[in-house]
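Below: one structure, written as structure tokens.
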Amino acid sequence: MGNSSSNHLGIPPAKGPSAVGCTDFMMDHTAHGSFFRLYYPCQETEKAEKPDWVPSREYFNGLADFMKINRTLSEKIFNYLFGSFKIPASLDAPFKSNEKCPVVIFSHGLGAFRTLYSAVCADLASHGFIVASVEHRDESASATYYFREKTESERACKRVPKKSATAQDNLVKEWMYYRTLQHGESEFPLRSKQVKQRADECILALDKLTAINSGTPVQNVLQTQFDWTTLENSMDLCKIAVMGHSFGGATAIEALCKEVKFKCGIALDAWMFPLDDETFPRVKQPIFFINSEKFQWAGNISRMKKLDSAVIQRKMITIRGTVHQSFPDFTFLTGNWIGKMMKLKGEIDPEIAIDLSNKATLAFLQRHLGLEKNFNQWDPLIDGEDDNLIPGTNVTVLQSSI
Ligand SMILES: CCN(CC)CCN(C[C@]12C[C@](c3ccc(C(F)(F)F)cc3)(C1)C2)C(=O)Cn1c(SCc2ccc(F)cc2)nc(=O)c2c1C=CC2
């Protein structure tokens, strides 16, 4: 348990037996390709550097747009508050596992991006999972980037000697920012279109991992030092789950509906609004709803309950004293009173909350992916059996609305 007096701030280290490696993958330079951060079990290396938690300042600009605050001011504040944080993983460390790894595809929330859930993803990787945290290009991320070919004039201005020119030299980073709702624009059509694109992007990420696992040479347009061939035959592609936070929770449900290779789903504080009603009867896989105490409301819960089934396991727990932001990494990165004021922290110690969420997740994954690990020790958490957990929900849902 993190001692409450520890005033060092930072993302908690993963709790599992394996060291965690981390690298980035972008399938091609278009906005239609797959872009994800990969977390995986790696060789213990003390010398490896830790990747930047927020890899570019443009992400802070996007966050400012998302939060409707002034860019220049907030970029300085974010950079001052969060600019130096590292994530609990070793950049491009060599992959190491003495057995095939189960796979999780993770989908971020509205206004987030691929790096903000490292406490969840790194912990899964330390327990032997390969985790791809997707960065969505549906304009729901605060910011994301891809590349475009340099124009003739751009090529002309910065003369790169032809002989040393690499593929990267004639590509320019193009940033895509969060799309705010226009005045009078109705939200559902946008969110419904986005959730379908997001699910497709999760499936595309799985397809890329499948290709990598089969040893098919894949191109990574990002210049990383990671050797992707070491992942050949590393994954157990019968043991695949999809997971996400908030909008990412809805995305996980949409992805389950579209792709039966996903054997189960975990929705962290799901936002059910973007989902069509006819999606619910078409989902056949087990789903685990892990909710915060403060975010949920009757209409949202009643949509989750539409997925209740006598034959397919659908479970729900609520973590006492948590808020919506108790799942992304921000909850670890500010002091108590700033955190509470900005609704980044609830009453509960953030490390205790994420630990409960991660252990309950591992128990559910063992049960529905058929893993032979010791994660079943945490089975009671799936039924909310802990002082800090509520079985089901704290929200009163009127019988009529179910
Ligand atoms: C401002 C008006 N409104 C725009 C729609 C934003 C209102 N809002 C609450 C916020 C996110 C907040 C946030 C972030 C980050 C700092 C920081 F200071 F730490 F950087 C502070 C304060 C602002 C808490 C949410 O959107 C909540 N939410 C989220 S938050 C996901 C997220 C976003 C950015 C992150 F950095 C980390 C996590 N994901 C969803 O899928 C959904 C919802 C609501 C419904 C569906």
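First listed ligand is number 1; within each ligand, the first listed atom is number 1.
- By the criterion of a heavy-atom distance under 4.0 Å, the side chain of His324, and not its backbone, is placed next to ligand 1.
- Phe288 and Phe364 have parallel rings, their planes meeting at less than 30° on a 0 to 90° scale where 60° marks the start of perpendicular.
- Scanning both residues, Ile11 and Phe332, for their nearest heavy atoms gives CA-CB, 4.2 Å.
- Regarding atom 2 (C) of ligand 1, its nearest protein heavy-atom neighbour is Lys68 NZ, 3.8 Å.
- With Ser140 as reference, Arg198 is the one residue of Gln194, Arg198, His108, Gln197 to meet the side chain to side chain donor-acceptor pair (under 3.5 Å) rule.
- With respect to the salt-bridge test (charged N to carboxylate O, under 4.0 angstrom), the residues Glu75 and Arg57 qualify.
- Geometric assessment of Arg314 against the ring of Phe280 yields a negative cation-pi assignment under the 6.0 Å and 45° thresholds.
- Note: no N/O pair closer than 3.5 Å links Phe78 and ligand 1 by distance alone.
- Geometrically, Arg191 does not engage Phe273 in a cation-pi contact, judged by NZ or CZ lying under 6.0 Å from the ring centre and within 45° of the ring axis.
- Taking the ring centroids of His29 and Phe147, they lie at or beyond the 6.0 Å cut-off.
- Under 4.0 Å from ligand 1, heavy atoms of Phe247 appear from its side chain as well as its backbone.
- Note: Tyr40 and Phe226 have tilted aromatic rings, judged against thresholds of 30 and 60 degrees for the angle between ring planes.
- Of all the heavy atoms of Leu81, none lies under 4.0 Å from any atom of ligand 1, so neither backbone nor side chain is involved.
- If you look at Gln325 next to ligand 1, the close heavy atoms, those under 4.0 Å, all belong to the side chain.
- When Trp271, Phe273, Phe327, Tyr178 are ranked by how near their heavy atoms come to atom 46 (C) of ligand 1, first place goes to Trp271.
- Taking a cut-off of under 4.0 Å to the non-hydrogen atoms of Leu110, the atoms of ligand 1 that pass are 29 (C), 30 (S), 31 (C), 32 (C), 33 (C), 39 (N), 40 (C), 41 (O), 42 (C).
- In this structure, Met342 counts as a contact residue of ligand 1, since one of its heavy atoms falls inside 4.0 Å of the ligand.
- The residue among Phe113, Phe66, Tyr117 with a heavy atom at the shortest distance from atom 8 (N) of ligand 1 is Phe66.
- In this comparison of Gly111, Ser142, Pro328, Gly249, the heavy atom closest to atom 34 (C) of ligand 1 sits on Gly111.
- Only side-chain heavy atoms of Leu63 come within less than 4.0 Å of ligand 1; its backbone N, CA, C and O stay farther off.
- Using a 4.0 Å threshold on non-hydrogen atoms, atom 31 (C) of ligand 1 counts as touching the protein.
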Working for side chain to side chain donor-acceptor pair (under 3.5 Å), residues Thr224 and Asp92: CA-CA 7 Å; Thr224 62; Asp92 296 338; 4.6 Å; no
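- Nearest protein heavy-atom contact of atom 22 (C) of ligand 1 is Met67 CE, 3.5 Å.
- In this structure, Tyr59 has its ring center at least 6.0 angstrom away from the ring center of Phe78.
- Residue, atom and distance of the protein heavy atom nearest to atom 36 (F) of ligand 1 are Phe330 CE1, 2.6 Å.
- Of all the heavy atoms of Thr334, none lies under 4.0 Å from any atom of ligand 1, so neither backbone nor side chain is involved.
- By the 4.0 Å N-to-carboxylate-O rule, Asp276 lies too far from Arg282 to be salt-bridged with it.
- Atoms of ligand 1 found under 4.0 Å from any heavy atom of Leu116 (numbered from 1 in listed order, with element): 35 (C), 36 (F), 37 (C).
- The single protein non-hydrogen atom nearest to atom 42 (C) of ligand 1 is Ser246 OG, 3.0 Å, given as residue, atom name and distance.
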